[in-house]
There are 2 protein chains.
Amino acid sequence: MVSSKDVAKHAGVSQTTVSRVLNTPELVKKPTIDKVMKAIQELNYIPNAHARSLVQNKTYTIALLSGPLHNPFFVDTTTAIVNYANSKGYRVNVQFVNDKKLTEAYATAFEQKVDGIILSCILIDDPIFEKLEKMDIPFITYNRKHKNNRQFVEIDNFEAGYLSAKHLIELGHTNIAWVGGPLTMSTFNNRYHGFLKAIKEYQHSVSAEYIIHTDTSKMDVSRAFQKLIHSKNRPTGICAGSDSLALYLMDDAIYANLSVPEDISIIGIDNVDISQHASIQLTTVGSISKENLGFLAINKLIELIENKKNSCVKITESVRIYSRKTTRKI
Amino acid sequence: MVSSKDVAKHAGVSQTTVSRVLNTPELVKKPTIDKVMKAIQELNYIPNAHARSLVQNKTYTIALLSGPLHNPFFVDTTTAIVNYANSKGYRVNVQFVNDKKLTEAYATAFEQKVDGIILSCILIDDPIFEKLEKMDIPFITYNRKHKNNRQFVEIDNFEAGYLSAKHLIELGHTNIAWVGGPLTMSTFNNRYHGFLKAIKEYQHSVSAEYIIHTDTSKMDVSRAFQKLIHSKNRPTGICAGSDSLALYLMDDAIYANLSVPEDISIIGIDNVDISQHASIQLTTVGSISKENLGFLAINKLIELIENKKNSCVKITESVRIYSRKTTRKI
DNA sequence: TAACAAAATGAATACGTAACCATTTTTGGT
DNA sequence: ACCAAAAATGGTTACGTATTCATTTTGTTA
């Protein structure tokens, strides 16, 4: 591999000068710069980022621990995160974490000595959190958060759940189901409690007979759906804990020969990009702001990295209903 | 930052021994291992991957230059690539490349001294190709390929285009449009020529009045669609150059109050995961094999990296029709 | 032209690890 | 108990860069 020493020799200067040409050319005479640049071209020299990291203790690398892309929420956030980070000169190490081997994912992130970590997949009570804090690397969570989280970006999950239920109630639904993910995740937890609040507000007229907390895999959701539609008192509307779940439910509904929303209304939360597609037109609750949650988070993370200010970043975006075609008056 | 030297001092051994405990523990006595491990725990030591890279000239990092995730094809491939690479102990540096700043993307990949590069975004005539070869880093393309490509994984694009047109012809369509991406990309190029072949085979009875090669952005596709439906002789079926384009076209069709497939048939190519969703059920052409194209490519790339065998990898997967709900008899 | 400041360059070093070679300790066979 | 071989450990170096400090060259002023 051709190194800066090789370039130096070839150009008849010191390695120091080569380094200067690349980093502080204003300290180098023009003819010297030319000589060195010529040598760089001729030898096809490319500086080694690892060696630089070693001496500068700065890697220009960020670890992203994302949920899987079959969840469209993570499609949107991953895009926003990677693109913004790249535009700021950072490389992004991506891992798609299933909650099983989270620890492993962290390990590889730590070895890289990344400048920062951005993650979604953390549980309210996750023991990994303390390890993260010990690392003394800036990190931020988006979407989900830990109970002790100091840096996070989320939507107002409680309000989202509340608005979701209220939307169906106001459309006249009186038997509403909840299908959400594990309550160990802050998102589903808060959304569910928001949902409950709305139901309770209308307790005289509305009931939620079916509350299902399921795993987020397609199969588990299908199982939940089957349970729902074969129940004696089939709900007329389902509040899904996320758009991803809502899409799964729509899939199940259609394959069960139920029309959405004619036979059953479905509402999601997150307002993922794909929910707007004409073939889907999912009614959902999402951030008022157009800024993607991932963008907000990576933005703040890079600020933390570069300013080293220990300021707390706690962002909770307001939400609103995006009323589309998967819910209807009853 | 705590280094192996710190651990060594704390454990009363040499740095060499610490290194051995982590890499070749079979060469170290049990009690010594225990001492060292204890020190590692106590100091919360994590080895520095960059330093290791420097001395071993091996980074366990792969650069992935993918197309954007709003194209569902890249959702599927990115998932497959990242997950497989991680399972093999490789980190993946992801970049979502728009064709403008491709060069920049390569630059950062090169600086990382990655072990290998996996990329989709390359043009048939791309000048970057020679730089890539010069780098002497194993690389492989998936989906698209360069005219001189030695390592690639693709589907049989010509056949795919052919089957796509043939499908509509056999359904009785006689006025069929083509909406594809730039012919500078091997995919669209071959698919288009396959399409043409089918049209020509039935020349007496079928015509393709509208051939549109567009950019792949939503807006450009919409423009193409508008042109099509406002034409004097509106086609009854559209062969889209990819599922991504097909989905855009479906979106446009529905918003233009045209039913798919009642008013217009649309067929894609790629058989992306989302095309199976009950709300979409896109008829498409895709690989017969269940193995994702990205998986095949990363698999081969890691083989190339680890065996250093210079064998050519040229994989062209056979394709078939996946007949769903967006095309109909006429 | 001398004197001195400023600009330009170079030599040596550190970063954290693995690898190589040298040395010490242990083991096993007589 | 002794010796050779094997096992275990340590000292030193290299990887490729940026940085610090020292030295040389250039430019400016009296």
Side-chain angles (χ1 to χ4, degrees), chain A residues 1-37 39-40 43-61 89 107-108 110-115 135-137, chain B residues 1-37 39-40 43-61 89 107-108 110-115 135-137:
Chain A
M1 183 188 310
V2 37
S3 72
S4 57
K5 274 181 194 164
D6 301 325
V7 174
K9 197 178 294 175
H10 193 260
V13 300
S14 71
Q15 181 266 328
T16 307
T17 298
V18 175
S19 176
R20 266 196 284 258
V21 167
L22 293 174
N23 297 296
T24 52
E26 67 276 12
L27 297 180
V28 185
K29 264 204 299 190
K30 186 75 197 331
T32 310
I33 293 185
D34 294 342
K35 265 195 303 185
V36 171
M37 289 309 286
I40 288 178
L43 298 183
N44 194 27
Y45 165 70
I46 295 174
N48 185 316
H50 296 100
R52 185 186 297 138
S53 296
L54 205 55
V55 56
Q56 292 189 321
N57 201 24
K58 166 91 177 151
T59 63
Y60 284 100
T61 303
T108 69
F110 292 159
E111 285 202 350
Q112 279 275 90
K113 306 289 177 200
V114 293
D115 291 343
M135 292 302 301
D136 205 32
I137 295 176
Chain B
M1 183 189 308
V2 37
S3 72
S4 57
K5 274 182 195 164
D6 301 325
V7 174
K9 196 178 295 175
H10 193 259
V13 300
S14 71
Q15 181 268 328
T16 305
T17 298
V18 175
S19 175
R20 266 195 284 257
V21 167
L22 293 175
N23 298 296
T24 52
E26 66 276 12
L27 298 180
V28 185
K29 265 203 300 190
K30 186 75 198 328
T32 310
I33 293 185
D34 294 341
K35 265 195 302 184
V36 171
M37 290 309 284
I40 287 179
L43 298 183
N44 194 27
Y45 165 71
I46 295 174
N48 185 318
H50 295 101
R52 184 186 298 141
S53 296
L54 204 55
V55 57
Q56 292 190 321
N57 200 24
K58 166 92 178 151
T59 63
Y60 285 100
T61 304
T108 70
F110 292 160
E111 284 202 351
Q112 278 277 89
K113 306 289 177 200
V114 293
D115 291 344
M135 290 303 301
D136 205 31
I137 295 177

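Quick note on labels: first sequence line is chain A, next is B, and so on, each numbered from 1.
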Evaluation steps, side chain to side chain contact (heavy atoms under 4.5 Å, CB included), between A:H10 and A:D6: CA-CA 6 Å; A:H10 193 260; A:D6 301 325; over 6 Å; no
Derivation and outcome, side chain to side chain contact (heavy atoms under 4.5 Å, CB included), residues A:L22 and A:I40: CA-CA 10 Å; A:L22 293 174; A:I40 288 178; 3.8 Å; yes
Taking distance alone, no hydrogens or angles, what donor-acceptor pairs closer than 3.5 Å link side-chain atoms of residues 46-54 of chain B to residues at least two apart or in another chain?
{"from": "B:N48", "atom 1": "OD1", "to": "B:H50", "atom 2": "N", "distance (Å)": "2.7"}
{"from": "B:N48", "atom 1": "OD1", "to": "B:A51", "atom 2": "N", "distance (Å)": "3.2"}
{"from": "B:H50", "atom 1": "ND1", "to": "A:Q112", "atom 2": "O", "distance (Å)": "3.4"}
{"from": "B:S53", "atom 1": "OG", "to": "B:A49", "atom 2": "O", "distance (Å)": "2.9"}
{"from": "B:S53", "atom 1": "OG", "to": "B:K58", "atom 2": "O", "distance (Å)": "3.4"}

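Rounded to whole Å, the distance from CG on A:N57 to C1' on C:dA14 is 12 Å. Spacing between atom CG of B:L54 and atom P of C:dT17 amounts to 12 Å, rounded to whole angstrom units. As rounded to whole Å, 15 Å separates atom C1' of C:dA6 from atom CD of A:E26. A straight line from NZ of B:K5 to P of C:dA18 spans 13 Å, rounded to a whole angstrom. Rounded to whole Å, atom P of C:dT25 lies 10 Å from atom NZ of B:K29. Atom CG in B:N48 sits about 12 Å away from atom P in C:dC15, given to the nearest Å. Remark: P of C:dC21 and CG of B:L27 are 16 Å apart, rounded to the nearest angstrom. Here the P atom of nucleotide C:dA18 and the CG atom of B:N23 are 4 Å apart, to the nearest Å.
Residues of residues 8-20 of chain A having a heavy atom closer than 4.0 Å to DNA chain D, listed by number: A:Q15, A:T16, A:S19.
Between the side chains of A:T17 and A:S14, a donor-acceptor pair is found at a separation under 3.5 Å.
B:D34 pairs by the salt bridge (charged side-chain N to carboxylate O under 4.0 Å, His left out) definition with B:K30, not counting sequence neighbours. Every residue two or more places apart in sequence or in another chain that forms a ring-ring contact (aromatic ring centres under 6.0 Å, His included) with A:Y60 is listed here: A:Y90.
In this structure, the separation between CG on A:N44 and CE on B:M135 is 6.5 Å, given to the nearest 0.5 Å. In this structure, the separation between NZ on B:K35 and CE on B:M37 is 14.5 Å, given to the nearest 0.5 Å. In this structure, OG1 on B:T61 lies 6.5 Å from CG on B:D115, to the nearest 0.5 angstrom.
Among the atoms of the strands shown, none is found under 4.0 Å from any heavy atom of B:S53.
Contact check, B:S4 against C:dG16: no side-chain N or O comes under 4.0 Å of OP1 or OP2.
Around the NZ atom of B:K9, the shell of radius 6.0 Å holds no more than 12 heavy atoms that belong to other residues, nucleotides or ligands.
The bend of the helix from C:dT1-D:dA30 to C:dT30-D:dA1, defined by the angle between the axes of its first five and last five pairs, stands at 30° to the nearest 10°.
With DNA chain D read from its 5' end, the first of the two nearest nucleotides for B:I33 and B:V55 is the one closest to B:I33.
In terms of heavy atoms, A:L43 sits closest to A:V2 at O-CG1, 3.7 Å.
When DNA chain D is scanned in the 5' to 3' direction for atoms under 4.0 Å from non-hydrogen atoms of chain B, the outermost contacting nucleotides are D:dA8 to D:dG16.
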